[in-house]
Number of protein chains: 2
Amino acid sequence: MRRHAEFDPQDFLPYLLNQAAETLSLEFQRHYRGQYGMLRTEWRVLFHLGCYGEMTAKEICVRARLHKTKVSRAVAALQAKRILTRRELESDRRHAVLQLTSLGQRVFADLSRAAHAFDSEVRAAMTPDEAEVLHRCLIRIAAFETAQRTG
Amino acid sequence: MRRHAEFDPQDFLPYLLNQAAETLSLEFQRHYRGQYGMLRTEWRVLFHLGCYGEMTAKEICVRARLHKTKVSRAVAALQAKRILTRRELESDRRHAVLQLTSLGQRVFADLSRAAHAFDSEVRAAMTPDEAEVLHRCLIRIAAFETAQRTG
DNA sequence: AACTATTGGTTGTAAATGTAACTAACAAGC
DNA sequence: GCTTGTTAGTTACATTTACAACCAATAGTT
């Protein structure tokens, strides 16, 4: 069957990386989607607020590398779910600092625990050395060409 | 600012993996999208047909781990673009074997070359040893829990 | 042969995403 | 103080995706 054997999809890094990423994402979805009806972007916003503390939508855009419209919609959804509140700054009324409610903190604590457990589960499939190399490579790849994506 | 330092997004493998994958995907999009107006799923279908030779939509679903509706629509789009043709089997008229047209083969050759070059570019960011570990880990992760996704 | 189940594939519709255009608040130049 | 530019964020609309229901062909059962 194989007519053009020059190249196997499995050897094309972007493809393989995507397969791996999708596999894990799909698996972890169960937690934030199944338990809390959250979308991936919502989970990311919650994740960042939980890890780094309160910040503005813009800061989330930059840190999480998400487009502002996605963040805007995720924030609205999380607000509707009583996971976070927004506090406008008098110093500059364009900004609004986002902060988790106590419910938000509980949800974050729960998902954070699940994330930790899942991470360990994945790492169990490799040696500590491998995990370190993997981490290093991914960081490097993620930094590849970050332009025009964080507006 | 950081209030909950227990966990950094950068250390959560699914998240990091996603960032890396998205970075590369977005970059490589330029080729199939910019040059040929193809969607990611279309490129994947083309990729598989080009690499492995003609096969049915179902086989593509299994190999590429894509849902049948995605493949169905991608095939329709590629057909409209004169990239592939379908040939029904008399032995079982539910099946249709998909094959690249000569245009499809030229497009595949071009994108395949671009993919190769891009892959090398990415690999240049790491040592051969690292690349090998990365490859191994990703294969392992991609195989994690393949159920209910290929229907 | 008739009845059900399964399989390969398509279509309809709702949800999600991307892109561009927009508003409001502030900043800078004159 | 008024015009111009920038920045934070939202909204509108078009494209894409997900999910379920569907159809047609075949296989399996009686």
Side-chain angles (χ1 to χ4, degrees), chain A residues 18 21-22 25-26 29-30 32-34 37-45 48-49 54-81 84-98 147-151, chain B residues 18 21-22 25-27 29-30 32-34 36-45 48-49 54-81 84-98 147-151:
Chain A
N18 239 291
E22 211 172 312
S25 284
L26 237 48
Q29 261 205 101
R30 282 195 311 117
Y32 58 80
R33 185 158 200 155
M38 284 169 55
L39 257 27
R40 189 147 81 188
T41 313
E42 293 170 41
W43 154 234
R44 287 208 185 164
V45 167
H48 276 78
L49 285 173
E54 58 182 45
M55 56 178 119
T56 68
K58 183 67 204 292
E59 288 180 275
I60 296 179
C61 290
V62 175
R63 276 187 191 274
R65 293 211 214 155
L66 290 168
H67 194 271
K68 59 185 180 173
T69 59
K70 271 180 117 173
V71 171
S72 175
R73 290 193 246 244
V75 165
L78 290 173
Q79 206 173 0
K81 292 187 177 89
L84 61 77
T85 56
R86 9 181 336 137
R87 177 168 41 85
E88 287 201 353
L89 290 186
E90 311 95 57
S91 61
D92 183 342
R93 290 215 313 291
R94 286 171 305 181
H95 294 77
V97 174
L98 306 170
Q148 83 267 57
R149 195 158 1 93
T150 49
Chain B
N18 239 291
E22 212 173 311
S25 284
L26 237 48
E27 185 60 26
Q29 261 206 107
R30 280 195 313 115
Y32 58 80
R33 185 158 200 155
Y36 300 106
M38 284 169 54
L39 256 28
R40 188 147 82 190
T41 313
E42 294 170 41
W43 154 235
R44 287 208 185 165
V45 167
H48 276 78
L49 285 174
E54 57 181 46
M55 59 176 116
T56 67
K58 182 66 204 292
E59 288 180 274
I60 296 178
C61 290
V62 175
R63 275 188 192 273
R65 292 210 214 157
L66 290 168
H67 194 271
K68 58 184 181 172
T69 60
K70 271 180 118 173
V71 171
S72 175
R73 289 194 241 247
V75 165
L78 290 173
Q79 206 173 359
K81 292 187 178 87
L84 61 77
T85 55
R86 5 182 338 137
R87 176 167 44 83
E88 287 202 352
L89 291 185
E90 312 94 57
S91 62
D92 185 341
R93 289 213 315 290
R94 287 171 306 183
H95 293 76
V97 174
L98 307 170
Q148 82 268 56
R149 198 164 351 97
T150 50

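In what follows, every heavy atom counts, from backbone to side chain, and hydrogens, waters and symmetry copies are set aside. Proteins get letters first, then strands, A, B, ... in listed order; numbering begins at 1 in each. Note that the structure is a prediction, hence the values are computed from the model and not measured.
With sequence neighbours excluded, no residue satisfies side-chain contact (heavy atoms from CB on, under 4.5 Å) with S72(A). With sequence neighbours left out, K81(B) forms a salt bridge (charged side-chain N to carboxylate O under 4.0 Å, His left out) with E42(B). Residues meeting the side-chain contact (heavy atoms from CB on, under 4.5 Å) test with R33(A), sequence neighbours left out: Q29(A), L39(A). In this view, R30(B) and E27(B) satisfy the salt bridge (charged side-chain N to carboxylate O under 4.0 Å, His left out) rule, not counting sequence neighbours. Take H95(B) and apply the ring pair (Phe, Tyr, Trp, His ring centres under 6.0 Å) test, not counting sequence neighbours, and it matches no residue. Here R93(A) pairs with nothing under the side chain to side chain donor-acceptor pair (under 3.5 Å) rule; sequence neighbours left out. Applying the side chain to side chain donor-acceptor pair (under 3.5 Å) criterion to S25(A), with sequence neighbours excluded, gives R40(A), N18(B).
Here dT10(D) presents its C1' atom at 16 Å from NE2 of H95(A), a figure rounded to the nearest Å. Nucleotide dA8(D) holds its P atom 15 Å from the CZ atom of R63(A), rounded to whole Å.
Remark: R63(B) CZ to R44(B) CZ distance equals 15.0 Å, nearest 0.5 Å.
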Revision key, fill the gap. Contact string for nucleotides 14-28 of chain D, one letter per nucleotide 5' to 3', B = base within protein heavy-atom range under 4.0 Å, S = sugar-phosphate only, - = neither, reads --S-BBB----BS--
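Residue A96(A) is classed as a sugar-phosphate contact, given heavy-atom separations below 4.0 Å to backbone atoms only.
Reading DNA chain C from its 5' end, the first and the last nucleotide to sit under 4.0 Å from a heavy atom of chain A are dA16(C) to dC26(C).
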